[in-house]
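Below is one structure, written out as structure tokens; the observations come after it.
Remember, it's a predicted structure, so these values are computed and weren't measured experimentally. Per chain, numbering begins at 1; letters A, B, ... match sequence-line order.
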2 protein chains.
Amino acid sequence: MKQEKLTIGQFSELVGLSTYTLRYYENEHLIVPKRDDNNRRFYTQDDVKWLGFLLHLKGTGMTMSEIKTYVQFRAQGDSTNRKRQKLLEEVKKRALDQIAETKRNLEVISHKIDWYDKKENAVIDEDESFENYLEKMKNNKGEA
Amino acid sequence: MKQEKLTIGQFSELVGLSTYTLRYYENEHLIVPKRDDNNRRFYTQDDVKWLGFLLHLKGTGMTMSEIKTYVQFRAQGDSTNRKRQKLLEEVKKRALDQIAETKRNLEVISHKIDWYDKKENAVIDEDESFENYLEKMKNNKGEA
DNA sequence: ACTTGACTTAGAGTTTACTCTAAGTAATAG
DNA sequence: CTATTACTTAGAGTAAACTCTAAGTCAAGT
């Protein structure tokens, strides 16, 4: 049931990007489909795979500009494998750092959520400031 | 050593936001410092605390607009505690979902990084496609 | 014939969150 | 006296990543 060639409309549906965006990406050389006899774009299974990967790249916070760099390396063949790997490693590191930071921020937010609960139920003193509460919680790490 | 009142310049230094940004935030009612006799802004320890928390909110992906909503609730006093809590819970959920998705994307990227390694060292066949390799890895989850 | 979907170039519009400039005023420190 | 720092309004500029419109062409399907 998998078709060899997809029109831009079909491909758009399949991958969840508008035709506008696909042409925009093409302008940016991120994905360049072949053309048929009437100059119409057609997308192949390779394009499906590549776009899937591209979305994974985007999903880790890689910018268009970085993806362009990756695409350029790709066009230069296997000799750029190390460069591509390095680029991905940087992106991975950045994403992990970003996750770690978000988690640190989430900890504070989570404590604030708890704090609202405790205020609600008068578990903590009416005058207890969140900052004070937060300090206590940080010191209590790992305990009951 | 902690000063009671900070000028916008001192506060800017302390919190790492430009004076432009601070005035912009003030315009948006995100943080509204008091004024001295000469109509100059001064920031107190409370402002320092609030901005710290605001940055935690930002750091979990909360938009300006959502923070505005939170600020409005805050201005209405304790009666809005539940609303604020709910808002934070939504933000938390979204952030955790976002982290989970990024991690899924990172898995693919990590496999690609490994794949470059193995290509480099001829551990996998020259003609092995990444998609194929990725499938294998996914099926091997949990195994050696 | 007509609708549909594709094509082109070129450029305008959108969103978020700043970032900066202009132009003029005012208080404080050296 | 002058440099620094702050104040105001109003609006322009920036960056990223789209998103859409205009205006006209073209080929295939019903």
Would you say D:dA16 has OP1 or OP2 under 4.0 Å from some side-chain N or O of A:Thr63?
no
So, is A:Thr7 near the phosphate of C:dG5, with a side-chain N or O under 4.0 Å from OP1 or OP2?
no
Below 4.0 Å: OP1/OP2 of C:dT19 and any side-chain N or O of B:Thr21
yes
Rounded to the Å, how far apart are A:Leu17 CG and D:dC18 P?
8 Å
Rounded to whole Å, CD1 of B:Ile8 lies from C1' of D:dC7 at a distance of 10 Å
Taking only N and O in the side chain of B:Arg35, is any of them less than 4.0 Å away from OP1 or OP2 of C:dA27?
no
Using atom CG of B:Leu22 as one end and atom P of D:dT8 as the other, report the distance to the nearest whole Å.
13 Å
Return the value, rounded to whole Å, for the distance between atom CD1 of A:Ile67 and atom P of D:dA17.
8 Å
Once you round to the nearest 0.5 Å, how far does CH2 of A:Trp115 lie from CD of A:Glu120?
11.5 Å
If the cut-off is 4.0 Å, is B:Lys58 near the phosphate of C:dC18, judged by side-chain N/O to OP1 or OP2?
yes
For B:Lys92 and A:Glu107: C-alpha separation, side-chain torsions, deciding distance, then whether salt bridge (charged side-chain N to carboxylate O under 4.0 Å, His left out) applies.
CA-CA 9 Å; B:Lys92 180 179 173 178; A:Glu107 263 184 48; over 6 Å; no
Euclidean distance, atom CG of residue B:Asp37 to atom C1' of C:dT28 [Å, nearest integer]
14 Å
Under-4.0 Å side-chain N/O to phosphate OP1/OP2 contact, B:Asn38 with C:dT28:
yes
Find the distance A:Tyr24:OH to C:dC7:P and express it as a whole number of Å.
18 Å
Nearest whole Å is fine: how far is D:dT4 P from B:Gln10 CD?
17 Å
Rounded to whole Å, please give me the gap between OH in B:Tyr43 and P in D:dA6.
10 Å
Quick check on C:dC18: is either OP1 or OP2 less than 4.0 Å from any side-chain nitrogen or oxygen of B:Tyr25?
yes
Output the single nucleotide from D:dC7, C:dT19, D:dA17 whose closest atom is nearest the side chain of B:Tyr20.
C:dT19
Assign each of B:Arg23 and A:Met64 the nucleotide of DNA chain D bearing its closest heavy atom; nearer the 5' end lies the nucleotide of B:Arg23
A:Arg35 with A:Glu26: basic N within carboxylate O range, under 4.0 Å:
yes
If you measure from CD1 on A:Ile99 to CG on B:Leu106, what distance do you get to the nearest 0.5 Å?
5.5 Å
Selection from C:dA17, C:dC7, D:dT5 that lies nearest to any side-chain heavy atom of A:Arg40:
C:dC7
Taking the nucleotide of DNA chain C with the closest heavy atom to each, which residue, B:Ser18 or A:Gly9, is nearer the 5' end?
A:Gly9
Going through the checks in order, is the ring pair (Phe, Tyr, Trp, His ring centres under 6.0 Å) test met by A:Phe11 and A:Phe42?
CA-CA 8 Å; A:Phe11 188 66; A:Phe42 68 86; over 10 Å; no
